[in-house]
Amino acid sequence: MTNSEIATVFLNMADLLEMKNDNPFKIRAYRRAAESIKQLPREMSTMLAAGEDFREIPGVGEAVATKSEELLRTGRLAAYEELKAGMPPGVLDLMAVPGVGPKTAYRLAAELDVRSVDDLERAAADGRIASLTHMGEKTAEKILREVRAFRRKDRRYPLGAALPAVEEIMAALRKVPGVRNLTPAGSLRRFRETVGDIDIMATAADPEAAIAAFVGLPQVVEVLARGTTKASVLLPGNLQADLRIVAHESFGSLLQHFTGSRDHNIALRAFAQRMGLSLSEYGIADAMGKIETFTDEASFYGRLGLAFIPPEVRENQGEIDLAAHGALPRLLEPGDVRGDFHTHTDWSDGQATLEEMAAAAEALGYEYLVVTDHSAGLGIANGLAADRLRSQAERIRAINRTRKRTRLLAGVEVNIKADGRLALSDEALAELDVVIAAVHSSLSQSEQKMTRRVVAALENPHVDILAHPTCRLIGRREPASLDMAAVIEAAARWGKALEINAMPDRLDLNAAHIRQARDRGVMLAIATDAHAADHLSLMRFGIGTARRGWCGPKDVLNTRRLGEVLAWLRRPA
DNA sequence: GCCGTTTTCGGCCCGACTGTTTTCAGTCG
């Protein structure tokens with residue numbers, strides 16, 4: 001049973017308890033524990049096998065620890081089954097519809113025998129919902145609208161699609177006179193790999209002009225709401241974007257509030273409360289109720305005695321305590337990056353020539369660019385066998401003689417075959433500056449098999465970096481089942497680096513695994529997997545993901561100078 | 001149910017919006 005399955009059980013328990021009007025703080029405790037479990041960097045099954053205490057997990061105490069263990073050992077939870085048995089069937093499913101919470105779901109299930117979203121739509125359409133006490137026509141209409149939107153709406157959007165959309169909108173709004181402080185908020189600002197909708201905040205001399213410009217953008221498909229300081233629109237693909245024009249004096253607290261995460265804000269308010277202060281989006285109130293306002297986030301956090309907390313780590317994962325002690329790590333910044341470790345050219349399936357890639361790397365000011373075309377082998381277009389690889393390395397050396405600013409390193413992305421052997425001989429690999437190894441096929445192997453396979457590749461003394469370790473494609477392909485703790489352990493033992501693949505649809509490793517690897521002292525290499533010259537600019541997605549994994553410059557290989565990188569590559573096997 | 005540089009008991013984040021209501025409950029972020 002995975003962490004996310006366990007978390008779902010506790011979230012469902014919280015909903016069921018809420019339907020029964022149980023103690024709201026108990027309900028919140030279950031939700032907090034679930035959130036904490038969902039964000040764990042390690043599988044609870046692994047922790048159980050290692051004999052670790054679940055009560056070390058924030059928000060998890062005696063009860064949740066025992067229940068988690070029961071779930072892991074038996075696959076069921078008696079208390080949960082009992083709770084469900086006392087409730088109308090299907091009641092939890094109704095809550096998938098926005099606007100239908102536990103109380104509404106329970107009433108509809110109990111009083112109208114609504115058991116599914118389909119039932120819900122019928123009950124809303126035929127007047128039964130409107131006939132209930134404390135509900136009416138408007139409630140029924142809203143539910144009907146939400147059910148239909150729910151059916152056609154894609155849930156979350158990949159950051160790689162949302163971020164360019166936001167930048168386009170902001171570029172247009174920047175041209176509106178008097179618009180200042182344009183900043184994205186929400187999960188996009190925190191660099192989550194997917195976002196639910198887009199939130200943009202700004203101050204403006206003439207808010208209504210800013211709103212008018214926003215709803216008038218050419219990419220707007222539909223205007224959902226338009227007020228004097230806030231508007232919501234639908235972009236292509238049903239992506240919702242909100243613009244909020246806020247007062248300048250409260251911009252800091254408002255941006256902080258709308259950046260979240262929810263859990264970070266809850267924890268921050270609890271922290272403030274212990275100081276006798278009360279937080280809201282409008283500022284910080286003292287015991288007398290006097291509100292102090294903040295024009296920027298740093299002074300808002302500062303008033304609480306906290307260092308500025310970067311948006312990427314605002315997930316209630318210990319950042320508040322560290323900020324209170326001035327002990328937050330300095331996170332990686334774009335200017336720290338000196339090169340890229342995973343790129344393709346037209347020698348295999350890339351689009352650009354070696355020279356074009358070198359020129360693009362120079363334009364970025366890189367000290368080095370590692371060329372890692374695919375190896376020959378199973379299912380990979382135009383992969384290089386040993387002889388072509390040798391020719392490419394010669395060509396690279398020739399280019400290095402003419403270009404001084406960026407050094408090309410000869411590498412390969414060698415395929416890890418289904419049995420864990422590599423697609424190139426040790427002799428061929430030995431001639432190269434950098435070897436990255438990656439799985440590309442047989443992705444549905446069992447966890448044991450896949451783990452053994454990847455660990456075997458890491459064990460090869462010529463392999464330097466494991467690329468896109470889980471092979472996931474966000475929204476399209478689930479990660480391969482892989483015991484990441486074992487992979488990290490292997491990388492630590494043999495001094496290998498793990499890749500943070502910066503392709504926005506990969507972002508692999510993910511933030512939780514990055515933090516786990518970093519905490520274990522494993523080197524990380526951020527790489528774009530570029531298949532064209534302009535893909536080198538995707539590095540920022542890798543940097544954002546590394547920041548979500550708490551990485552600073554020393555945790556990341558490509559912050560090193562060329563000489564240090566070459567020394568690292570010669571490390572003893 | 002969880003948790004402790006105010007507590008092992010007594011607290012637990014805050015505000016807006018909506019709809020159905022004579023004062024508030026539910027939902028959301």
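In what follows, every chain begins at residue 1, and chains take the letters A, B, ... in the order their sequences are listed. Just so it is clear, the structure is predicted and the values come from calculations on it, not from any experiment.
The same atom, P, is picked in B:dC14 and in B:dT21; the two are 30 Å apart, to the nearest Å. With both ends at atom C1', the span from B:dT7 to B:dC2 equals 13 Å, rounded to whole Å. Rounded to the nearest Å, the gap between the C1' atom of B:dG11 and that of B:dA16 is 26 Å. Comparing the same atom, C1', in B:dT5 and in B:dG1 gives a spacing of 24 Å after rounding to whole Å. The gap from the C1' atom of B:dT23 to that of B:dT18 amounts to 15 Å, rounded to the nearest Å. When the P atom is used for both B:dG10 and B:dG15, the distance is 27 Å, rounded to whole Å. The C1' atoms of B:dT27 and B:dT20 are separated by 14 Å, rounded to the nearest whole Å. The gap from the C1' atom of B:dC17 to that of B:dC12 amounts to 24 Å, rounded to the nearest Å.
Between A:His257 atom NE2 and B:dG15 atom P the separation is 10 Å, expressed in whole Å. Between the CG atom of A:Leu188 and the P atom of B:dG29 there is a distance of 16 Å, given to the nearest Å. Rounded to an integer number of Å, the gap from CD of A:Glu281 to P of B:dG15 is 7 Å. Between A:Glu18 atom CD and B:dA25 atom P there is a gap of 14 Å when expressed in whole angstrom units. If you measure from atom CD1 of A:Ile200 to atom C1' of B:dG29, you get 17 Å, rounded to the nearest angstrom. Between the CD1 atom of A:Ile291 and the C1' atom of B:dG15 there is a distance of 11 Å, rounded to whole Å. Summarising the geometry, the separation between CG on A:Asp321 and P on B:dT5 is reported as 9 Å, rounded to the nearest angstrom. Rounded to whole Å, the distance from CG on A:Leu108 to P on B:dG26 is 13 Å.
With hydrogens and angles left out, the side-chain atoms of A:Ser187 and A:Arg192 include no donor and acceptor closer than 3.5 Å. A donor-acceptor contact closer than 3.5 angstrom is absent between the side chains of A:Tyr106 and A:Glu18.
Distance from the side chain of A:Pro102 is smallest to B:dT27 among B:dT27, B:dG1, B:dG29. Side-chain proximity of A:His134 to B:dC14, B:dT21, B:dT27: nearest is B:dT21. Looking at the side chain of A:Phe25, the nearest of the listed nucleotides B:dG19, B:dA16, B:dC12 is B:dC12. Distance from the side chain of A:Lys67 is smallest for B:dG1 among the nucleotides B:dC14, B:dG1, B:dT20. For A:Lys103, the side-chain atoms get nearest to B:dT27 when compared with the rest of B:dT27, B:dC2, B:dG29. Checked against B:dG1, B:dC28, B:dG15, the side chain of A:Pro98 finds its nearest nucleotide in B:dC28. Listed nucleotides: B:dT27, B:dG19, B:dA16. Nearest to the side chain of A:Thr139: B:dG19. Side-chain proximity of A:Tyr282 to the nucleotides B:dC28, B:dC14, B:dG15 is greatest for B:dG15.
The side chain of A:Ser278 places an N or O atom within less than 4.0 Å of a non-bridging phosphate oxygen (OP1 or OP2) of B:dC14. Taking only side-chain nitrogens and oxygens, A:Thr104 comes nearer than 4.0 Å to OP1 or OP2 of B:dT27. Distances shorter than 4.0 Å separate none of the side-chain N or O atoms of A:Gln273 from OP1 or OP2 on B:dG11.
Residues A:Met19 and A:Met95 meet the side-chain proximity criterion, which asks for heavy atoms closer than 4.5 Å.
Relative ring orientation between A:Phe10 and A:Tyr30 is described as parallel, the plane-to-plane angle staying below 30° on a 0-90° scale split at 30° and 60°.
In this structure, A:Arg548 does not pair ionically with A:Glu193, as no charged nitrogen and carboxylate oxygen lie closer than 4.0 Å.
Between A:Lys138 and A:Gly99, the residue whose closest nucleotide on DNA chain B is further toward the 5' end is A:Lys138. Along DNA chain B, the nucleotide nearest A:Gly136 and the nucleotide nearest A:Ala65 are compared for position; the residue whose nucleotide lies closer to the 5' end is A:Ala65.
Pairing of B:dT8, defined by two Watson-Crick or G-U wobble distances under 3.5 Å, is not identified with any nucleotide.
In this structure, A:Asn265 reaches neither bases nor backbone, as no heavy-atom distance under 4.0 Å exists between it and the strands shown. If you check every strand for non-hydrogen atoms under 4.0 Å, A:Glu137 touches sugar and phosphate atoms only. Residue contacts for A:Leu279: at a heavy-atom cut-off of 4.0 Å it reaches the sugar-phosphate backbone alone, with no base atom in range.
Considering CG of A:Leu524 and CD1 of A:Ile526, their distance stands at 8.0 Å, rounded to 0.5 Å.
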One pair to check against side chain to side chain contact (heavy atoms under 4.5 Å, CB included): A:His468 and A:Met503. What are the steps and the verdict? CA-CA 10 Å; A:His468 46 72; A:Met503 277 280 171; over 6 Å; no
